[in-house]
Structure formats: C-alpha cells, structure tokens
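Every chain is numbered from 1 and lettered A, B, ... according to where its sequence line falls, protein lines coming before strand lines.
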Amino acid sequence: MATNIQEEERSLNFIEEIVEEDLRAGKYASILTRFPPEPNGYLHIGHAKSIALNFGLAQKYGGKTNLRFDDTNPVTEDTEYVDSIKEDIKWLGFEWAHELYASDYFEQLYEFAIILINKGLAYVDDSTSEQIAAQKGTPTEPGQESPFRNRSADENLQLFADMRAGKYKEGEKVLRAKVDMASPNMLMRDPIIYRIKHAHHHRTGDEWCIYPLYDFAHGQSDSIEGITHSICTLEFISHRPLYDWFIEKLEIFPSKQYEFARLNITYMVMSKRKFLQLVNEKFVSDWDDPRMPTISGMRRRGFTPGSIKNFAERIGVQKRDTLIDMSLLEFCIREDLNKKALRRMVVFDPLKIVITNYNGTELLKSEDNPEDENTSVRDVPFSRELYIEREDFMEHPPKKYFRLAPGQKVRLKSAYIIQCDEAIKDNKGNITELRCSYIPESKSGSDTSGIKVQGTLHWVSVAHAITVELRLYDRLFKVEDPSNEEGDFKDYINPDSLQVIQAAYAEPALRKAKFDERYQFLRKGYFCLDKDGSEEKMVFNRTVTLKDTWAKEKKKD
RNA sequence: UGCCCGAUAGUAUAAUGGUAGUACGUCAGAUUCUGGCUCUGAAUGUUGGGGUUCGAGCCCUCAUCGGGCAACCA
C-alpha cells in the first residue's frame with residue numbers, strides 16, 4: 001500500500017508546521033535558529049528539550065543553529081558556565097554554526113539606542129527604581145508618564161553618552177523606550193532598556209558600565225544574526241510585542257519569536273534557582289549529583305545522549321504547561337541501554353550457598369548481550385561456594401514465588417540447575433547459608449536433564465568475587481509536583497533518594513569496567529562506572545532499575 | 001479586576017469539517033536460562049452550554065477551569 005510510508009511519518013509539531021509553511025512560501029531560503037543560554041548556571045534536561053528543538057529543526061530543514069550566550073547581566077554570569085554549557089551541548093551531539101555572545105553586540109546595541117533616541121522613541125529617566133515602579137500602574141490601571149519623558153533628543157543623547165562614560169552611579173539614570181504608559185501589556189509601559197552597572201563583565205571586562213536589558217538585547221541579537229525562527233519559552237509571550245516593536249522601529253531584519261512550553265517532569269524540580277538551593281543546602285553533593293536533572297548529573301547517572309534526544313522527541317512541543325510522567329524518561333533510557341549494556345552478575349545482598357555435590361572450579365560462558373545476535377561471550381567462574389541474592393530465597397514462599405525455597409529448583413544463570421536441600425541457621429534463627437545440590441546434566445547450553453524450572457538467578461563465585469560500591473538512586477522528591485505543593489519544595493525531598501551499598505559482590509569480568517561502557521547487572525538494573533571510584537574500589541551508579549513486575553505483584557498483598 | 005495564552009484517556013501526543021488513533025503507564029495473558037526484552041489482548045478520552053453545517057475534537061459564541069503578565073533578571 002502506497003499510503004503506508006506516509007502514515008509512518010511522524011506528524012509535525014506546531015513549530016515545524018510554521019517552518020514548513022515559511023519555506024513553502026519562499027519566505028526564507030533556509031532557516032537559522034539559535035540556542036540562547038544565559039551563562040549563569042548549568043544546563044538541565046529542560047534546556048535539552050530546547051536544544052533538541054532548535055538544533056533538530058535546523059537539521060531537519062537543512063538550516064543552521066547558532067549558540068549565543070545571553071550575557072547582558074555581568075553580575076550573575078561567568079565563563080565557568082560558558083564552558084560547561086558548551087560541553088553539555090557537544091555531549092548531546094549537536095554542533096553550532098557560530099559561537100556568539102550578546103556582548104559581541106554591545107556597540108551595535110548602543111547605536112540602536114541612539115537611533116531610538118533620535119526618533120524620539122527613547123529617553124533618559126532620572127527617576128528612582130521605586131518611582132518607576134509606581135509610574136507603571138497596575139494591570140487594571142494605566143501608568144503615569146515620567147516627568148523626564150519629554151526631554152529633547154539632544155539632551156537625551158548627551159545624557160546617554162554620559163551614562164556610558166561613567167558619570168553616574170548605579171540606579172541614578174536609566175534609558176527607557178517610549179512606548180505607551182497606558183498599554184494593557186505592562187511590558188510596553190516604557191520599559192527600561194539600559195541600566196548602569198559598574199561591574200566587571202566576563203568578556204568585555206570594564207569596557208562598559210551600561211548594559212542593555214534582555215528585551216533590548218535578545219531580539220536585536222536575533223536580527224543581527226539573521227535568525228529566522230527565534231524559539232523561546234511561554235513566559236516570553238507577553239514580550240513578543242516589544243520584540244517586534246524594536247525590530248520595527250529600528251527597521252532591521254524581522255526575526256520572529258515563537259513560544260513553547262518549558263519541560264516539567266514528575267518528581268523533579270526544574271529551575272536553576274531551586275538547583276542552587278539543593279546544592280548550597282547540601283541536599284545533593286553538587287550540580288552533577290546523579291540525582292540532579294542537570295545534563296551533567298544525568299550524564300554521570302548514566303543517561304545517554306540518544307535517550308535524552310529520544311525523550312525530547314517523544315514529549316513533543318506544546319503551547320500549554322505540561323507535566324511529563326517520569327516513567328517516560330525511564331522508558332527511554334531503558335530502551336537505549338537494553339540494546340547497549342553489557343550483562344554482568346552482581347550480588348547486592350549476599351547469601352552464601354554451598355553446592356555440596358560439586359568440587360573444583362570451571363569457567364562458564366555467558367552472553368554479554370542477548371539482544372545482540374553477534375554478542376560477545378565472557379567467562380564466568382563457577383565453584384562450590386557461591387553468593388546469591390538474599391531475597392532470592394524464602395523459607396516459606398508465597399504462591400508464584402519462582403525463586404529458591406527448600407526443596408525447590410532454580411537455574412543459576414549460564415550455569416546449572418540447583419536444588420535447595422537445607423537452610424542453615426544461626427542460634428537466632430537467621431539463615432546463614434544454604435546447602436544445595438546441582439544437576440550435572442543441566443549445564444547451560446548442553447542441558448539434557450529435561451528439567452524445567454520457573455526461575456533463574458544471578459550469582460557470583462565466592463572465591464572469585466570482587467567487591468564494588470553501588471550507589472542506588474531514586475527520585476529526589478516524594479511527590480509528583482514538588483513546586484506546586486504547600487510550603488517549601490524542599491519539604492518534599494525523598495530521604496531515600498540515595499542508598500549506598502559499600503560492598504556488593506561482582507563477577508570478576510567487571511574489574512575491566514570502563515567509563516564509556518554501560519552495564520546491566522542482571523535482574524537488578526543499569527549501571528555505569530562513577531568517577532569517585534578507584535582501581536581497588538570501583539563505584540557504580542545505578543542509572544535506572546529494570547522493570548520489576550514481581551515487585552508489583554508483591555505490593556498487591 | 002485589565003490584557004495575553006491554553007484545554008483530547010492517568011500522563012503526553014495525533015486527527016487541519018468526514019471511522020477519535022499512537023506512545024508511556026495500568027490491567028490480563030503468552031513467551032523466557034534476566035519476574036528484563038519481545039508478543040497478544042483489555043480498560044480509560046474530546047471541560048460545559050448554545051450556534052453554523054448533511055456532518056464539529058476542529059469553525060463561531062458564551063461560560064468554566066488552568067497558566068502567564070506590574071525585576072534597573074533572563
């Protein structure tokens with residue numbers, strides 16, 4: 001059927017529709033987007049959505065994307081952040097056409113301000129911050145015009161030049177656009193476009209003491225670069241009339257702004273301000289704590305660029321506030337890791353078993369990844385004494401418990417079928433050891449025993465095991481939407497978001513673990529090596545658990 | 001109380017005036033040397049009232065609900 005191919009095409013999001021329409025109408029030969037971070041913090045997965053949108057759009061339609069740092073506020077911005085932002089974007093796998101800075105345009109922006117002054121569309125205001133706020137009016141009442149609103153162009157020019165020359169203190173004077181003090185849009189009530197800041201800028205140093213505000217920098221920067229589609233988040237909708245106003249009055253290239261909803265995910269918070277609190281108040285170790293939804297945190301946690309991009313693709317682009325279910329993110333990373341991760345056996349909470357009818361040691365073969373037809377195979381040492389997971393044995397098992405129990409049989413993964421003969425207890429009644437027997441004909445790959453078992457367990461040989469540290473992460477918050485709960489969001493932090501297992505027992509193959517490799521600890525979850533470890537004591541982060549239908553089954557009781 | 005957005009299963013996302021579909025999640029089952037993966041099946045949806053139309057999730061209108069807007073932040 002000819003229509004099948006078309007049917008499989010993903011439908012367009014509203015921004016893609018706009019782009020296709022613009023291209024079809026011949027409005028632009030090709031598109032140019034931009035990603036405009038402010039270098040005052042680390043990127044998070046919300047930014048990843050924006051990055052994927054901006055860069056993805058350009059890729060899809062044969063355009064380009066600029067990386068432009070929106071560095072108009074010298075007091076909060078720093079080169080440290082510039083570097084981390086660039087690293088994160090590269091890690092996600094995107095390349096920008098040009099690395100640019102709003103501060104590159106300071107001289108041009110200054111010229112733009114002069115044009116406005118000459119047109120009688122901007123004026124220097126001596127009012128104080130409080131007076132300006134009072135003049136603004138309220139959403140339901142119009143504002144009052146500043147007494148300085150009607151200065152002559154010449155006077156304004158001189159005053160503005162003096163501002164630049166450093167003749168005034170911070171707050172003494174500002175430059176305002178002359179728009180409309182009665183506008184129903186508060187942002188149009190003569191917005192401030194330049195303020196005095198005697199501060200050192202991370203790139204321009206002490207060259208300037210006046211800095212443009214966002215509204216006077218962003219749109220013009222877009223225009224200077226010839227950005228065709230300037231995509232930002234919903235809270236800028238009300239800035240759009242101003243964005244267009246400056247472009248119109250300045251008669252410069254008409255970049256167009258489009259807005260989409262920022263990303264929210266259940267059990268997370270998503271703002272630099274909140275991250276800062278979490279770090280400063282030691283709820284997490286740092287910005288790259290694996291529980292943080294920062295790109296650096298997620299990278300350390302073991303997320304892959306592909307999984308994040310796939311997630312961004314699946315959630316779509318929308319014009320309304322959304323709260324994405326965390327399980328979708330988990331699905332995306334599991335889907336990716338299932339195909340890539342090397343399988344290894346690690347016992348988290350050991351229970352020793354002795355195979356009473358087995359002696360010596362042998363090397364068994366086990367697949368590195370059963371999802372891969374051409375999988376490599378590794379050796380796993382098997383011997384008389386093994387560790388299994390304590391939770392894989394129950395003396396009095398409930399129905400549908402497929403694991404070990406007295407008299408019950410299970411398969412040891414890639415090894416033999418064993419039967420539990422006896423549970424040894426200490427004088428307090430705790431089970432300290434299991435006596436089992438194995439079935440020699442049941443060896444993995446050459447099983448002639450004819451025995452069917454329901455369960456398969458992971459295990460490690462006591463004599464060959466290495467100990468590793470495991471860091472098990474869980475959601476950072478106990479509630480779906482911590483920002484919308486009563487009180488402080490930090491009241492809802494999950495106290496069990498990190499569980500450390502100092503000594504887990506791992507099969508020896510894990511000794512060769514590498515940082516860029518991903519692992520699935522069989523029946524447990526996906527893990528990756530953490531930078532905190534050493535040769536002697538490796539540390540692994542749990543990226544995500546495996547789906548666990550047995551855990552669900554248990555909860556029902 | 002002014003202006004601006006928005007509203008489709010639990011959560012997201014399609015249907016562009018003509019059969020409400022998809023994914024995640026949930027539930028049930030099959031399969032399994034990972035209670036993973038895979039496969040099959042099921043339940044759950046157009047905020048409400050009017051109107052236009054042969055026909056409305058879609059267009060108009062009123063209402064309701066949700067979000068945003070009064071930083072010398074971005």
Between A12(B), G36(B), G35(B), spot the one nearest the side chain of T322(A), thanks. A12(B)
Check nucleotides 41-45 of chain B for protein N or O atoms closer than 3.5 Å to its own N or O atoms and list the pairs.
none

Looking at K552(A), I'd like to know whether one of its side-chain N or O atoms comes within less than 4.0 Å of OP1 or OP2 on G25(B). no
Report, as a single string ordered 5' to 3', how protein heavy atoms within less than 4.0 Å touch nucleotides 68-74 of chain B: B base, S sugar-phosphate only, - not at all. -SB-BSB
In terms of the angle between their ring planes, are Y194(A) and F160(A) parallel, tilted or perpendicular, with boundaries placed at 30° and 60°? perpendicular
Minimal heavy-atom distance between F148(A) and V124(A), with the atoms involved, is CB-O, 3.7 Å
Could you list the residues that satisfy salt bridge (charged side-chain N to carboxylate O under 4.0 Å, His left out) with E389(A), not counting sequence neighbours? none
If you compare every side-chain N and O of R320(A) against the phosphate oxygens of G66(B) (OP1, OP2), does one of them come in below 4.0 Å? no
Take Q257(A) and Y243(A), measure what side-chain hydrogen bond (donor to acceptor under 3.5 Å, both in side chains) needs, and give me the verdict at the end. CA-CA 8 Å; Q257(A) 174 183 301; Y243(A) 181 104; 5.6 Å; no
Under the salt bridge (charged side-chain N to carboxylate O under 4.0 Å, His left out) test, residues paired with D162(A) that sit two or more places apart: K167(A)
Pairs counted only when both distances fall under 3.5 Å, Watson-Crick or G-U: show me the 5' to 3' dot-bracket for RNA chain B, [ ] for pseudoknotted crossings and | for other-strand partners. .((((((..((((....[..)))).(((((.......)))))....(((((..]....))))))))))).....
Looking only at atom P, what distance separates U32(B) and U19(B), rounded to whole Å? 42 Å
Aromatic ring pairing Y42(A)/Y81(A), orientation class (parallel under 30°, perpendicular over 60°, tilted between): perpendicular
Could you list the residues that satisfy side chain to side chain contact (heavy atoms under 4.5 Å, CB included) with M186(A), not counting sequence neighbours? K136(A), P139(A), R189(A)
Distance check, C1' atoms only: U8(B) and A23(B), in whole angstrom units. 15 Å
When the ring planes of F275(A) and W287(A) are compared, do they come out parallel, tilted or perpendicular, using 30° and 60° as the limits? perpendicular
Would you please confirm or rule out a distance under 4.0 Å between OP1 or OP2 of G6(B) and any side-chain N or O of Q318(A)? no
Nearest 0.5 angstrom please: Y123(A) OH to K178(A) NZ, how far? 8.0 Å
Taking the P atom in each of G66(B) and G29(B), what is the distance between them to the nearest angstrom? 41 Å
Salt bridge between K197(A) and E170(A), side-chain N to carboxylate O under 4.0 Å? no
Think S183(A) has a side-chain N or O under 4.0 angstrom from the OP1 or OP2 of C3(B)? no
Quick check for you: to the nearest 0.5 Å, what is the distance between K169(A) atom NZ and C209(A) atom SG? 13.0 Å
